[in-house]
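For reference, the structure is listed below as structure tokens.
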Amino acid sequence: MEFTPIAKCSVTNARVARMVLAHAETTLPTFMPVATQAAIKGLTAEQVESLGVTLILNNTYHLSLRPGVDILKEAGGAHKFEGWRHNMLTDSGGFQLVSLSKFTTITEEGALFSSPFDGEPTMLTPEESISIQHAIGADIIMQLDDVGNLLQGPRVQEAMERSIRWLDRCIQHHESSGNKDKQNLFAIVQGGLDPNLRDECLDAMLERKDRVAGYAIGGLSGGEEKDVFWKIIKQCADKLPEDRPRYAMGIGFAEDLLVCVALGIDMADCVFPTRTARFGVALTHTGPLNLRLTKHAKDFNPIDKACPCPTCRDGTSRAFINHIITHETAAAHALTIHNIIISAHFLLDTLEIVVYPEWCVNALRSVGVDLLENMDVPVVPGGGAKWEYSDAA
Amino acid sequence: MFSLTSTIDSSSIFSPRTAELLLRTGKPKISTPGILTCTSRGIVPHLSNDNVKRTRAIRWVHVSFESFLEHSPPIPTLLQPQHGDKPRLNSFLGLDENDYLLSMSLRDPSDGREMPANTNTYVTANCIRGVRRVTPHDWQEYVRSLKPDIAFSLSDIPFTPPSYSQKRITKSIERSALWLQGLLGALSASSPMLFVQMAGGASIPARKAFSDSLLEVVHGKDADAIHPMKSLDEGVAGYVFDLVPLRLALAPDESICTLLQASLRPLPRTKPRLVTSACGPHEMLRLIRDVGVDLFDTQWAQRAADVGVALDFGFPVAIAGGQQQLHDLGYNLYDDKYRRDFTSLGIGCTCPSCSPYSIPADEIIRHSSIDAPSTTLAGAHQPYTKAYLHHLLHTHEMSAHTLLVMHNMTVMERFFEGVRDVIGGAGGSKDDFVMHVSKFIETYAEDDSESNSNPEGNVLAAARKAWREVELLRGKGRLSREAEKTNQANEMLVKEMDEKGAEGGVLD
Ligand SMILES: [Zn+2]
Ligand SMILES: [Zn+2]
């Protein structure tokens, strides 16, 4: 990996960097759409490429079940299998395992779960996770971490400490595999919502800096308070080295992206923009629009006149999307394209946002931006943008 | 205009022929025999508009208007033209008027469900909120307002249970002629071209009578209404045959070809003949060979993409003949035998799935000024493989259908290119074309499952059957899945609202 910071914001901690990986080049900060099962929902690889996306996420857990490691190896890796020419990142499979499998037990050896095929007890060890990720062949691979399922209590400390030990096993396995020049291993900072544990984890992982290509911040986006969320992000981003990319895992709400970038995060992923598209929701700079609502049925405006996505550029009206949304998958595709573009842009044109949730104001104050200074913008108390959720019309 | 470019047997009005349809300079030129693409609710299923543009086989798009009847007045008619007299339908659908030919009928020609009877004053049509009555005057207004390039006249084609009485058939052809006359009178010269849906059902005399009524010189008050035209046929640019109602009305010993011939025999041979809902290349070839049909919709090929079938056939037949077993018209990619098949869907296919292409670097959307085009990409795009499509189908990834539609449409277009080449080719004789049709029929298994007791006999029928079973297993069809998604969406939004502490009630 070649990682070159190019510019730093004079006010916030936001930075711009170039990251050259085995397949392509990616400009950071970037938002990564999620191709869980080797496809971004409904789109083709060329379509995703045309949107200026240069880094996507594939899920290790799903791909190891279907099509399976053997097929991926025969195909020559996931890039070739799914026709993706740019960069790819895979997770370790651990998080999906814990959230999707009912009988997962974490032991020092690894994560014990019952196979979805035959119910047999199966072990995902750090070494196994890395081996699967080698077969998938992503440009960035993640260590297996102990995600636990609690955000407080003694389990958090145990999980954090185990994640460090597992990082060592992942490094060991990765370095001895001969894939180190093509694939880059990221460490995952754990420690829950406890700043002391986070600090301890950061210290330990920074000691291993020469053997990891980048750092991810895990264990967030689990419904924690926004004021806790941004403080943890800031604590980690401040301490992580300048010459390594920083990745906030599972962050994808518009304001979250904005705040993360201002705090010095380079990469984020989330299924939210693509999933919400399938439910008829278009993200805009002024908040989400639920295009299933009858009130959009006669609205001939595009979703967002300034948006450069093919859907808006074509002038596809809100009325037309309202007409097709619950009936035709192509409506979801049109919105998916739009939401990916909006999410990508959120990372960069931070000041165009019109409605600020109060927590954003506080978070950005911590890095020297007063959103309210010289500006007449509405502040929404509490958590976030307004949602259109029902059709009372 | 429709210009015949070659006819292989000029003594027969039913001869296979090639032609070009060009509505005006700047519009796409349609070569015939050729295809039009079906839509559902105004869109090509599975394709967002950028993928429609990537599929060069899609040039003529047909819209069934009835889905818009759920609002009154229908939403597209409310669109204010922003740039002069731009056609509303093009604007609403986001299809550039210079790149696409749009045709519009009231009913979805592939929908053969039973409907309440039409009357002297209205036709019944289907929309998501139930049955709607559409008067001939309504239809005139919709056509005038939306300005498709080609409008189908409103015909009285019954979707009530057969068999129809003589009286009913007579009524049907009288009404159809009367409504056509009304539409002709209501439209000005710059209006859409009119194609007429040929009435008369499965009755040969009735079909002939309808055609005759088009040719009759109109007298009296009616003549003033359509002046300067002397007969209805003068205002008709093409003839449409909907096969779904014909199949429903057909007696076992009758053939569709005979019925189409009965309609066309009295009429001028210089106008395009369009068939909807043909069941695959075998039926299309027979209709070209025996009736001289010019245009087909691709409902069949699009439906194949819905059930996971990648088409693979060509004309003239390129594979060696003489085999015992008939070849399949495509691959049921859901089948486990494609799990590790890393070949493309079709050799030499130019579709976006088999020949994916990169859009030029300067057209890729950039997200910041330093987002430089990447120059280090490892090689060109490779075709998508059967193994990948198999995986997408098994994981219920919608991208499978996106890739399949683009491919199947392209296979159809290339098939018709081959048909045109044989009909119009140098030294092409009727025998030549007939021989190639026979060879095609002898080489490929026909998709005639709808009337066949052994649906395992062809890969498409097997795929449709398997697909239905999968849907049943999953306990829901596409629509109810969508409904479930909608409920999930509502729940999710409510939950997120709660989490975010936003205000209740209808927002925005
Ligand atoms: Zn857009
Ligand atoms: Zn193809």
Side-chain angles (χ1 to χ4, degrees), chain A residues 6 16 23-25 27 37-39 41-44 46-47 49-52 54 66-67 71 74-75 80-83 85 223 278-280 290 292 297-298 300 308 310-311 314-316 319-320 323-324 326-330 333-334 337 341 344-345 348 382-384 386-390 392, chain B residues 40-51 71 75 78-79 92-94 339-340 342 352 356-359 363-368 370-371 374 376-378 381-382 384 387-388 391-392 394-395 397-399 402-403 482 485-486 489-490 492-494 496-497 499-502 506-508:
Chain A
I6 300 172
V16 174
H23 285 85
E25 190 178 305
T27 305
Q37 317 243 40
K41 297 286 174 202
L43 309 193
T44 71
E46 289 69 46
Q47 226 176 339
E49 183 175 299
S50 77
L51 301 177
T54 59
R66 282 191 303 202
I71 301 277
E74 275 179 59
K80 286 204 173 127
F81 185 65
E82 62 198 79
R85 305 191 302 162
R278 298 204 296 289
F279 300 139
N290 180 356
R292 287 181 296 111
K298 294 177 188 171
F300 295 109
T311 304
D314 267 1
T316 311
F320 189 32
H323 180 67
I324 55 180
T326 43
H327 311 279
E328 290 295 334
T329 57
H333 308 341
I337 293 168
I341 291 290
H345 277 239
L348 295 154
K386 289 182 170 188
W387 283 95
E388 298 182 318
Y389 76 101
S390 71
Chain B
S40 171
R41 299 183 75 83
I43 59 117
V44 182
H46 310 298
L47 300 189
S48 49
N49 266 0
D50 55 332
N51 272 336
H71 291 277
I75 300 290
L78 301 175
L79 180 61
F92 188 71
L93 302 180
R339 222 181 132 231
R340 22 175 48 98
F342 297 105
Y357 66 97
S358 313
I359 68 166
E363 286 175 30
I364 291 178
I365 298 172
R366 303 288 163 202
H367 305 293
S368 73
I370 62 122
D371 227 2
S374 186
T376 51
L377 285 185
H381 286 291
Q382 295 299 311
Y384 292 94
Y388 180 54
H391 163 74
L392 294 179
H394 275 263
T395 48
E397 286 292 329
M398 297 176 284
S399 303
T402 306
L403 292 165
E482 292 297 334
K485 275 186 202 165
T486 306
N490 262 330
M492 188 178 90
L493 290 172
V494 171
E496 277 162 5
M497 274 211 35
E499 279 168 7
K500 292 185 155 204
V506 179
L507 300 169
D508 180 8

Indicate yes or no: at least one non-hydrogen side-chain atom of B/Pro45 is less than 4.5 angstrom from one of A/Glu328.
yes

Contact check, side chains of A/Lys298 and B/Leu78, non-hydrogen atoms, under 4.5 Å:
yes

Where the side chain of A/Arg292 meets the backbone of A/Phe279, is there a donor-acceptor pair that is under 3.5 Å apart?
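Side chain of A/Arg292 to backbone of A/Phe279: a pair is present.
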
Counting only N and O atoms by type, is there a donor-acceptor contact under 3.5 Å from the side chain of B/Tyr388 to the main-chain atoms of A/Ala38?
yes

Indicate yes or no: does B/Arg340 engage A/Glu74 in a salt bridge with an N to O separation below 4.0 Å.
yes

Taking every non-hydrogen pair under 4.5 Å, which of B/Ile43, B/Leu47, B/Leu392, B/Leu403 racks up the most with chain A?
B/Ile43

Can you tell me which of B/Thr402, B/Leu79, B/Asn49 forms the most heavy-atom pairs within a distance under 4.5 Å of chain A?
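Between B/Thr402, B/Leu79, B/Asn49, the count favours B/Leu79.
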
Between A/Ala334, A/Ser50, A/Ala319, A/Pro310, the one whose heavy-atom pairs under 4.5 Å with chain B are most numerous
A/Ser50

Please look at B/Phe92 and chain A and tell me whether the side chain, the backbone, both or neither of the residue comes under 4.5 angstrom of a heavy atom of that chain.
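For B/Phe92, backbone and side chain are both near chain A.
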
Cut-off 4.5 Å, heavy atoms of chain B, and the answer for A/Ile324 is both

